[in-house]
Amino acid sequence: MGARRSAASPPRWPRLWLLCLLLLGAAPGPRRGAAFYLPGLAPVNFCEEDKKSDECKSDIELFVNRLDSVESVLPYEYTAFDFCQASEGKRPSENLGQVLFGERIEPSPYKFTFNKKETCKLVCTKTYHTEKAEDKQKLEFLKKSMLLNYQHHWIVDNMPVTWCYDVEDGQKYCNPGFPIGCYITDKGRAKDACVINSDFHERDTFYIFNHVDIKIHYHVVESGSMGARLVAAKLEPRSFKHTNVDKPDCIKTPMDISNKASGEIKIAYTYSVSFKEDKEIRWASRWDYILESMPHTHIQWFSIMNSLVIVLFLSGMVAMIMLRTLHKDIARYNQMDSTEDAQEEFGWKLVHGDIFRPPRKGMLLSVFLGSGTQILIMTFVTLFFACLGFLSPANRGALMTCAVVLWVLLGTPAGYVAARFYKSFGGEKWKTNVLLTSFLCPGIVFADFFIMNLILWGEGSSAAIPFGTLVAILALWFCISVPLTFIGAYFGFKKNAIEHPVRTNQIPRQIPDQSFYTKPLPGIIMGGILPFGCIFIQLFFILNSIWSHQMYYMFGFLFLVFIILVITCSEATILLCYFHLCAEDYHWQWRSFLTSGFTAVYFLIYAIHYFFSKLQITGTASTILYFGYTMIMVLIFFLFTGTIGFFACFWFVTKIYSVVKVD
């Protein structure tokens, strides 16, 4: 992978959700220095030790998050490694989103005082005796982590501590993480970060980054009396083999650990810290330097715009063809007054007596529609809040927490929609319907999630959900979501069945032989291409944020792509539905759901391609976890897109048969 590969491996799963609203910063207030801030975004002021007060701190705390790697899906807590541990300090409480994504933020032994420079300060010394089984195990775990390029993630004042280095074309990349160490193979090839230092040359040797040079940038508040605010924290990882571990000197010789080393090995962990005033960067825009350094940012803007232009053009073409053709059809049908003309009916008007005939497996379809509605509203509201900036990076895990809470609270629409459509399909087993709506799709997701969690437990990963959290999730599901689903279903069944504009004949009409293109399967396969075409570029960046630990922050574009996806799914399904009705095939209900739902199959194919072409994931457990979590995403996406297609087709069919005259 090399240091170049590290450029594509910033923090972690999609949790450092960087939102446009961070740029809100301080709004004008009634007095100088007064401002309005969203919860979790208020700045902290720092002063020198002799000037500290209740409003101005002098001690700067550094927190450590879990360590992860682009070569493994398994993150580990900081405490799982034999690093220096904090003797005291309060662990920050984690929200549901952080726990679900395996974030484990701990206090660290690295303590700074504002504007106080420290040079080569000892944190702790770790000693390993290779003949002792426990020490050998700790050392082997450290070596394995360096081999897989596991990265630290440190936090100062709610900001990631970044490692900035040059990449191709003279660009500087700021990685919100830095490696534990690196490895020189037995053939002398430098892996990962070992390429940054020519002193790392011993074969079959690990080099551990046991020293960090930290530079903290601050911006003095305009009023002067309020102290300063931190706007950046950057570090340079280094490797030093101190001649005297009790009095470290930070000389040039790197700390090497031979793969065949035996006897006593001592590793002294040290740090240096310096402070620099930055008059250019304000607190409100302190994340910008990380975002601007991200790879592919310019390509992303161009690609998204290109995708949107193509999709909008296709949508316009589809809409124009539909409106013109339909207008002519309706006008022609409504001019047929004589019996002779009526006998010459053709196309979609012929199936008016069968168009609202209940579909086979109506129970399952109504359950899918209920769950799909729940997911559709949840996605819309979550993305809308993300665009407004309420789910900030300072409030880690906010996006996931918001999505889960919304899903739980949206049980009522799910129950209502499932009940309404099940009743309109002529179903009478309302108890089975409401139970399936409450438990089928959520049960599949939870079962998959639980199996993945068992694997994480077995591997000792920090991403394993604690038993208490699992109980809390089940409580949310059973005690809030299920009762709300029952309430929605009660109102859905209480209302009269949906009135259709035309009556259904008692005897089903025979469907004529279909051409290859109007058969269900080719139509379904073709129907998913257009919606997938409008999202696959965004999909690349979303998958990068999940599996390659990239930051994802373009929620404005994502919301726009979401709207475009809804429009494209609707139009593609309506167009294919119209062709099938013209071919006198009136089985539109399942086909409309599956046509746009087939986009999820393309999603799965793309995820498989992404796994083999873009990721360096190794190990059976990591591979199973990747595909296990991917299947959850595919199911959610299937229900989401399928529901859009069904509702679009239902609206279209109801509309066209309500404006045509039927004897």
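Along the sequence shown, the residues carry numbers beginning at 1. A quick note: this is a predicted structure, and the numbers were derived from the prediction, not measured.
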Worksheet entry | Distance-only donor-acceptor check, side chains Asn197 and Tyr207, under 3.5 Å | no
Worksheet item: Under a 4.0 Å N-O cut-off, is there an ion pair linking Arg238 with Asp213?
Response: yes
Discussion item. Is a donor from one side chain sitting under 3.5 angstrom from an acceptor on the other, for Ser72 and Tyr150?
Written reply: yes
Discussion item. Using a strict threshold of under 4.0 Å (side-chain N to carboxylate O), is an ion pair present between Lys138 and Glu134?
Written reply: yes
Worksheet item: Is a side-chain donor-acceptor pair under 3.5 Å present for Asn149 with Glu71?
Response: no
Discussion item. Is the distance from the ring center of Trp163 to that of Tyr173 below 6.0 Å?
Written reply: no
Item to complete: Determine, for Lys276 against Asp278, whether the closest basic-nitrogen to carboxylate-oxygen distance falls under 4.0 angstrom.
Response: no
Response to the item:
When rounded to the nearest 0.5 Å, the distance separating CZ of Arg104 from CD of Glu94 is 5.5 Å
Worksheet item: Within a strict 4.5 Å, meaning less than it, do heavy atoms of the Ile180 and Gln151 side chains meet?
Response: no
Worksheet entry | Residues Arg286 and Asp157 bridged, charged N to O under 4.0 Å | yes
Worksheet item: Can you find a heavy atom in the side chain of Leu62 that is under 4.5 Å from one in the side chain of Lys111?
Response: no
Worksheet item: Is it true that Glu106 and Arg91 make a salt bridge, defined as a side-chain N closer than 4.0 Å to a carboxylate O?
Response: yes
Item to complete: Answer yes or no: are there more than 12 heavy-atom neighbours, outside Lys143 itself, under 6.0 Å from its atom NZ?
Response: yes
Practice prompt. Show your working on salt bridge (charged side-chain N to carboxylate O under 4.0 Å, His left out) between Lys247 and Asp249 and close with a plain yes or no.
Written response: CA-CA 7 Å; Lys247 291 181 181 178; Asp249 46 14; over 6 Å; no
Discussion item. Determine whether Tyr218 and Phe114 satisfy the following criterion, ring pair (Phe, Tyr, Trp, His ring centres under 6.0 Å), listing intermediate values before the conclusion.
Written reply: CA-CA 10 Å; Tyr218 64 90; Phe114 180 72; 5.0 Å; yes
